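Contents: one structure, followed by commentary.
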Amino acid sequence: MLQRPCTILDGDSITLTPEFDQWIGTLYRAGATVRPEHFRRQALESLRQWVPFDCALWGNGTLENLRFHTLDSINLPSGFGEALEHTRHLNPILPRILDQLGDPVTMASVYPDDQFYDSPLYQTTFRPFGIERILSTGLTDERGGLYTLLSVYRRDRNRPFTAEEVALHQRAVFHLVNAASHLVFSFLNRKQNDVPDDSAACVCDVHGVYHEVQSDFLDLTEQYFPEAPRGRLPFAVDSLDDDEQSLNGLSIRVRRLGELYVIRIWPSGPLDELTAREREVVEAVSRGLTFKEAARRLGVAPSTVSNHLYRVYQKLGVHSRSALAKLVHEQDGS
């Protein structure tokens, strides 16, 4: 296990040792051995070596309602996340977190101890779970309409978080959040090895609300759907099927991911307007297969291959196999 880094505090600056940088590197390389659904808990556990804590929470949600749609925790009983959400109106730390995103906030910096420990917030939200000291950092993706809250807690009132620990928490949270997002999309790209080079992806729920989203995905939706709403898809998930389709000049691929959906989009080319069967025929004949050979590969009659190819010629405005093969090569190379 790495040791806590030697740090030199100078005002708001902090100098970190190479050991801390090495730990950051392990976060980004975790995709080789850790599945996305396990990463947050494991990463929180590893954070202990730099900022010791008794329990922790990592929540992701939407800026629209500041409710968590995913929540990972260490040593926190079930129900804490709900209690935190239900007492937002009492919690002075939340407005401060949103006002200074990326900068850690301790409860003591917002609410003097004598007031905090005598407050309804402490009595209803933190005391029942044994929480005495709080250190929280919030990050948002304004374009994607997403927010992240990462909080660590101590059960000993006599162990407030130090300035050094606050500075370490700030550096760590930025990399934890970015490494988690990087891991999700790296994992999805490995699962879908036929991903177009110019595609971008998001993970959303059945309502189209983003859980993870790439900036390139937002660029494309804003370009092709100028009135796209913040934080959600500009089209309904239930209007899509599990194949590929074209909408407003974008090709869209939908795949289930448990209760969520992976939506992948890219600018449509001529071949994207074809049906799945027509693309299979195009792939076969562009490889030089005869009608009979293509029919055997696809499990259909040679006449079916011929009929599909005729419709492909009409859709694409080509009149020969050589012209079709050139078009395939041009789109694959784009």
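Just so it is clear, the model here is predicted, and its values are computed rather than measured.
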(message) I'd like to know whether T62 forms a side-chain hydrogen bond (donor to acceptor under 3.5 Å, both in side chains) with N65, so could you lay out the CA-CA distance, the side-chain angles of the two residues, the decisive distance to 0.1 Å, and finally the verdict.
(response) CA-CA 6 Å; T62 61; N65 55 25; 2.8 Å; yes
(message) Would a single hydrophobic cluster contain both Y210 and F235, if residues Ile, Leu, Val, Met, Phe, Trp and Tyr are joined by side-chain heavy-atom contacts under 4.5 Å?
(response) yes
(request) Could you go through the side chain to side chain contact (heavy atoms under 4.5 Å, CB included) check for C204 and V237 one step at a time? (result) CA-CA 9 Å; C204 68; V237 176; 4.0 Å; yes
(message) How long is the straight-line distance from CG of L149 back to CG of L139, given to the nearest 0.5 Å?
(response) 9.5 Å
(request) Say whether Y224 and L247 are linked into one hydrophobic cluster, either directly or through other cluster members, by side-chain heavy-atom distances under 4.5 angstrom. (result) yes
(request) Indicate whether any N or O donor in one side chain lies under 3.5 Å from an N or O acceptor in the other, for S251 and S268. (result) yes
(request) Tell me whether the centres of the aromatic rings in Y153 and F80 are closer together than 6.0 Å. (result) yes
(message) Under a 3.5 Å distance rule, please check whether Q49 uses its side chain to pair with a backbone N or O of S46 as donor and acceptor.
(response) yes
(message) Is there a path of hydrophobic side-chain contacts, each under 4.5 Å between heavy atoms, that joins L183 and L44?
(response) yes
(message) Is the shortest side-chain heavy-atom distance between Y28 and H175 below 4.5 Å?
(response) yes
(request) Please identify each residue that fulfils side-chain contact (heavy atoms from CB on, under 4.5 Å) with R159, with sequence neighbours left out. (result) P52, D54, R154, D156
(request) Taking only Lys NZ, Arg NE, NH1 and NH2, and the carboxylate oxygens of Asp or Glu, determine whether R48 and E45 approach each other closer than 4.0 Å. (result) yes
(request) Ignoring hydrogens and angles, tell me if any N or O in the side chain of T87 forms a donor-acceptor pair with the backbone of A83 under 3.5 Å. (result) yes
(request) Answer yes or no for R133 and F161: cation-pi contact, defined as NZ/CZ to six-membered ring centre under 6.0 Å and angle to ring axis within 45°. (result) no
(request) Decide yes or no for L121 and F126: does some side-chain heavy atom of the first lie under 4.5 Å from some side-chain heavy atom of the second? (result) yes
(message) Check D219 with R143, please: is the shortest side-chain N to carboxylate O separation under 4.0 Å?
(response) yes
(request) Would you please classify the geometry between the F116 ring and the Y111 ring as parallel, tilted or perpendicular, with 30° and 60° separating the classes? (result) tilted
(request) Say whether, by atom type as modelled, one donor and one acceptor occur between the side chain of Y117 and the main chain of E132 under 3.5 angstrom. (result) yes
(request) Answer yes or no for R171 and F20: cation-pi contact, defined as NZ/CZ to six-membered ring centre under 6.0 Å and angle to ring axis within 45°. (result) no
(message) Closer than 3.5 angstrom, by distance alone: can the side chain of Q170 be matched with the main-chain N or O of G102 as a donor-acceptor pair?
(response) yes
(message) Please check: side-chain N/O of T125 versus main-chain N/O of Y122, any donor-acceptor pairing under 3.5 Å?
(response) no
(request) Check whether any side-chain heavy atom of I74 lies under 4.5 Å from a side-chain heavy atom of R41, and answer yes or no. (result) yes
(message) Working note: R253 + I265, criterion side chain to side chain contact (heavy atoms under 4.5 Å, CB included); need CA distance, chi angles, decisive distance, verdict.
(response) CA-CA 6 Å; R253 178 187 298 171; I265 59 177; over 6 Å; no
(request) Hey, could you give me the OG1/CG distance between T304 and L309, rounded to the nearest 0.5 Å? (result) 12.5 Å
(request) Scan side-chain atoms only and decide if R311 and H308 contain a donor-acceptor pair under the 3.5 Å cut-off. (result) yes
(request) Determine the minimum heavy-atom distance between L27 and F39, stating which atoms define it. (result) O-CE1, 3.8 Å
(message) If you count every heavy atom of other residues, nucleotides or ligands that lies below 6.0 Å from D114 atom CG, does the total exceed 12?
(response) yes
(request) With the side chain counted from C-beta on, respond yes when W50 and E19 share a heavy-atom pair under 4.5 Å apart, and no when they do not. (result) yes
(message) Would you say that I134 contacts I93 through its side chain, given a criterion of any heavy-atom pair below 4.5 Å between the two side chains?
(response) yes
(message) For N248 versus F225, what's the shortest heavy-atom pair and its separation?
(response) ND2-CE2, 3.3 Å
(request) In plain terms, say whether E142 and R230 are close enough for a salt bridge, that is, a side-chain N and a carboxylate O under 4.0 Å apart. (result) yes
(request) Go through R67 and E85 one step at a time and tell me if the salt bridge (charged side-chain N to carboxylate O under 4.0 Å, His left out) criterion holds. (result) CA-CA 7 Å; R67 292 192 177 277; E85 290 182 335; 3.5 Å; yes
(message) With a 4.5 Å cut-off on side-chain heavy atoms, are V166 and D103 touching?
(response) no
(request) Looking only at non-hydrogen atoms, find the nearest pair between P160 and E165 and report the distance. (result) O-OE1, 4.2 Å
(request) For E283 and R287, run salt bridge (charged side-chain N to carboxylate O under 4.0 Å, His left out): C-alpha distance rounded to whole Å, both residues' side-chain angles, the deciding distance at 0.1 Å, then the answer. (result) CA-CA 6 Å; E283 181 182 4; R287 291 175 179 270; 3.3 Å; yes
(request) In sequence, state the C-alpha distance, the side-chain angles, and the governing distance for Q100 and V105, and then conclude on side chain to side chain contact (heavy atoms under 4.5 Å, CB included). (result) CA-CA 9 Å; Q100 56 183 64; V105 180; 3.3 Å; yes
(request) Starting at CG of D141, measure out to OG1 of T148 and round the result to the nearest 0.5 Å. (result) 9.0 Å
(request) Look up atom CZ in R155 and atom SG in C55, then write down how far apart they are to the nearest 0.5 Å. (result) 4.0 Å
(request) State yes or no: do L146 and F174 share one hydrophobic cluster built from I, L, V, M, F, W and Y residues joined by side-chain heavy-atom distances below 4.5 Å, directly or via other members? (result) no
(request) Compare all side-chain heavy atoms of Q245 with those of V254 and state whether any distance is below 4.5 angstrom. (result) yes
(request) Indicate the atoms forming the closest heavy-atom contact of L57 with F68, along with that distance. (result) CD2-CZ, 4.2 Å
(message) Checking the side chain of H86 only, and the main-chain atoms of E82 only, is there a donor and an acceptor separated by less than 3.5 Å?
(response) yes
(message) When you compare the side chain of F53 with that of L135, does any pair of heavy atoms fall below 4.5 Å?
(response) no
(request) Give, for atom NE2 of H207 and atom CG of L233, the distance between the pair rounded to the nearest 0.5 Å. (result) 12.5 Å
(message) Would a single hydrophobic cluster contain both L298 and Y313, if residues Ile, Leu, Val, Met, Phe, Trp and Tyr are joined by side-chain heavy-atom contacts under 4.5 Å?
(response) yes
(message) On a heavy-atom basis, which atom in G81 and which in L71 lie closest, and how many Å separate them?
(response) CA-CD2, 3.8 Å
(message) Test side chain to side chain contact (heavy atoms under 4.5 Å, CB included) on E64 and R232; report intermediate values, then the result.
(response) CA-CA 10 Å; E64 181 179 346; R232 63 181 65 235; 2.9 Å; yes
(message) Looking at G61, is its backbone amide N or carbonyl O close enough to the side chain of Y147 to form a donor-acceptor pair, meaning the two atoms are under 3.5 Å apart?
(response) no
(message) Could you measure the distance from the OG atom of S199 to the CG atom of N189? Nearest 0.5 Å is fine.
(response) 7.0 Å
(request) Mind checking side-chain contact (heavy atoms from CB on, under 4.5 Å) for A200 and listing every partner two or more places apart, or none if nothing turns up? (result) Q214, D216, F217, L220
(request) Return the set of residues passing side-chain contact (heavy atoms from CB on, under 4.5 Å) with Q123 (not counting sequence neighbours), or none when no residue passes. (result) R127
(request) Using distance alone, with no hydrogens and no angle criterion, decide if H169 and T137 have a side-chain donor and acceptor under 3.5 Å apart. (result) yes
(request) Search all heavy atoms of G144 against all heavy atoms of L218 and return the closest pair with its distance. (result) N-CD1, 3.7 Å
(request) Report the residue from V213, I263, L188 that forms a side-chain contact (heavy atoms from CB on, under 4.5 Å) with V203. (result) L188
